[in-house]
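Worksheet: the structure to be examined is printed underneath.
Only heavy atoms go into these numbers, but all of them, side chains included; no hydrogens, no water, no symmetry mates. Read the numbers this way: they start at 1 and go in the same order the structure lists the ligands and their atoms. Along the sequence shown, the residues carry numbers beginning at 1.
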Amino acid sequence: DIPGIERQASIDELEHFLVDNGGYNSVPFASAVSPCAKYSGFAAGGSNQGEQTSAQWVRFAFHDFVTADLSAGTGGLDASLGFEGARDENKGIFVDDTMQFISQTFSALLSTADQVTLAVVLAVAGCGGNARAIPLRVGRTDATQAGPSGVPGPFTPLEPTLAQFAKAGFSATETIALVSCGHSLGRIHFSNFPDIVDNSAVSATNLNGGIGFDSTPAGLDPAGMNEYLSGTNGRGGPLVTSPNVDARSDFRLFNSDGNQTIRDLSVNFGRTCSAVFTKMLNTVPGSVSLSAPVTPQTWKVTNIIMHISNGGSVRVEGLFRYLWTTVAPPQKVTYTTISPRGTSATHRSNSVIGTGTSLFGNTTYWDFARAIDSPGTTTLSFEGATYPINDMIFILPTQSRVEPDKLLIRIKAAAATSITAGIGDMEATLYVPVSQAGSKAFKITTVKLPLKKFTVAGNYTLYEGKINVANVKNVVAKVVLGSSESQSVKTSLFKQGA
Ligand code: HEM
């Protein structure tokens with residue numbers, strides 16, 4: 001977690017990235033691995049590169065996690081791999097492609113490591129697996145430098161391979177399962193392993209010379225195991241059949257228990273792969289405490305913002321989302337605001353504002369805007385869940401602005417005048433994603449700026465300030481006055497324009 005960012009905001013963001021896959025208010029993440037064979041990376045050859053983004057993401061998680069030392073509480077899923085792409089053991093463009101992709105959606109709300117776990121789940125879903133079978137949790141912290149080496153390769157003998165996985169918490173059986181689940185997707189490339197793949201694999205539409213581990217490299221399925229057991233098609237792929245016996249790492253593993261794990265897996269593939277993938281993603285440094293599983297929400301309130309009129313009337317605005325499969329959405333939805341004097345008022349949303357597609361069904365959105373009894377309204381209640389409202393201190397997105405060409409952010413915010421007595425400036429914190437040396441992943445830098453009083457509106461005092469930042473994309477802001485803090489707000493919700 002980033003200090004100052006509420007865990008609930010991270011949970012909401014992950015749920016959003018997981019569920020809102022197309023259409024209104026969607027995130028272009030799942031679409032990068034749907035269909036499964038798609039390449040959404042940054043190599044010059046594009047779709048002719050012979051690469052597959054879903055496979056890159058799964059391989060990324062493996063190389064990142066496997067250097068964990070469970071007993072020391074170090075390593076695991078922490079995006080340290082972003083700094084380790086130049087190592088021989090991490091050959092290929094998958095490290096930079098994955099980090100650069102995630103830099104596009106990275107913000108203080110969701111660490112790169114948490115987004116890697118999302119990437120694996122979306123890859124599984126895009127490749128025919130079950131997106132619900134791998135529960136996602138937030139809370140991973142990103143490494144700030146490279147970690148130890150130790151990723152086993154095709155030429156690593158069986159014992160040290162099993163020892164490395166054991167250090168990361170995996171039994172021999174789990175290791176065999178994890179490797180064969182992983183190698184159900186993607187390819188081994190001439191560009192990375194010319195000792196194992198012949199250059200005849202290279203063509204104008206396969207620039208890196210990729211050869212599938214099985215006959216369905218774009219399907220998370222037991223085909224490879226069946227081909228291995230029955231000696232058909234590629235017989236389990238180059239890491240089983242390489243003429244160079246030393247390169248047969250998959251064969252050594254699969255055969256190490258007389259093929260028992262592979263036989264079991266060919267029957268119980270989906271369930272077993274989900275279990276070992278889940279274990280891989282939740283292997284984290286000892287200092288990390290993960291959230292409870294984040295599941296798709298049927299009803300949700302999102303993008304809550306506050307507004308104040310010149311006369312001091314406070315309004316809460318936002319979106320309601322309904323995720324549905326069979327029960328079609330109503331024309332409008334109702335919600336309740338709960339005010340200081342214990343009174344509650346029930347309201348209706350506006351009409352449907354947009355619809356979208358999801359791995360989990362369809363999404364329907366309504367917007368709402370409602371004057372609230374303030375200061376003092378504390379809660380918005382919708383479909384059985386409550387959402388906190390802080391009308392004592394809040395950012396004013398409708399009066400704030402991002403000017404991308406000038407790399408400038410202008411913020412206005414309000415505080416109930418009753419809490420301003422004896423306190424001078426308000427302070428804004430901006431959580432700005434910036435590039436970093438050594439990794440294509442971004443990191444957060446926090447920028448603080450004073451906000452000065454500029455007017456009074458009813459029971460509120462208004463503050464303003466502006467500052468230049470290194471990057472204006474995916475910035476999150478909050479404001480503090482004395483001991484009072486606002487909720488965090490994405491500056492993408494600020495009114496745009498000069
Ligand atoms: C002893 C363990 C392992 C060895 C020696 C090994 C080796 C390899 C090699 C040599 C490649 C080819 C990379 C390239 O040329 O681009 C590869 C690809 C891949 N590996 Fe592994 N691997 C192991 C375990 C795993 C595990 C545990 C997973 C996932 C859970 C995994 C997932 C993948 C995937 C998805 C690819 C395809 C990547 C792509 O198409 O870009 N591997 N592996």
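- Ranking the protein heavy atoms by distance from atom 43 (N) of ligand 1 puts H183 NE2, 2.9 Å first.
- The two residues G76 and A68 come nearest to each other via the heavy atoms N-CB, 3.4 Å.
- Among all non-hydrogen protein atoms, the one lying nearest atom 19 (C) of ligand 1 is R59 CD, 3.5 Å.
- Here is the list of ligand 1 atoms found below 4.0 Å of a heavy atom in N192: 14 (C), 15 (O), 16 (O).
- Atoms of ligand 1 lying under 4.0 Å from at least one heavy atom of G153, given by number and element, are 5 (C).
- The shortest contact between atom 16 (O) of ligand 1 and any protein heavy atom is with H189 ND1, 2.6 Å.
- Checking side-chain atoms of E84 against main-chain N and O of G147 turns up a donor-acceptor pair under 3.5 Å.
- Under the 3.5 Å distance criterion, the side-chain polar atoms of Q145 are left unmatched by any main-chain donor or acceptor of A143.
- Close approach of ligand 1 to T161 is summarised as follows: ligand atoms under 4.0 Å from at least one heavy atom of the residue are 1 (C).
- Scanning the protein heavy atoms around atom 9 (C) of ligand 1, the nearest turns out to be L239 CD1, 4.0 Å.
- Protein heavy atom at the shortest distance from atom 17 (C) of ligand 1 is F213 CZ, 3.5 Å.
- Checked options N282, T112, D78; the residue passing with R140 is N282 (criterion: side-chain hydrogen bond (donor to acceptor under 3.5 Å, both in side chains)).
- For atom 29 (C) of ligand 1, the nearest non-hydrogen atom of the protein is G182 CA, 3.5 Å.
- Given atom 24 (C) of ligand 1, the protein heavy atom at minimum distance is F62 CE2, 3.2 Å.
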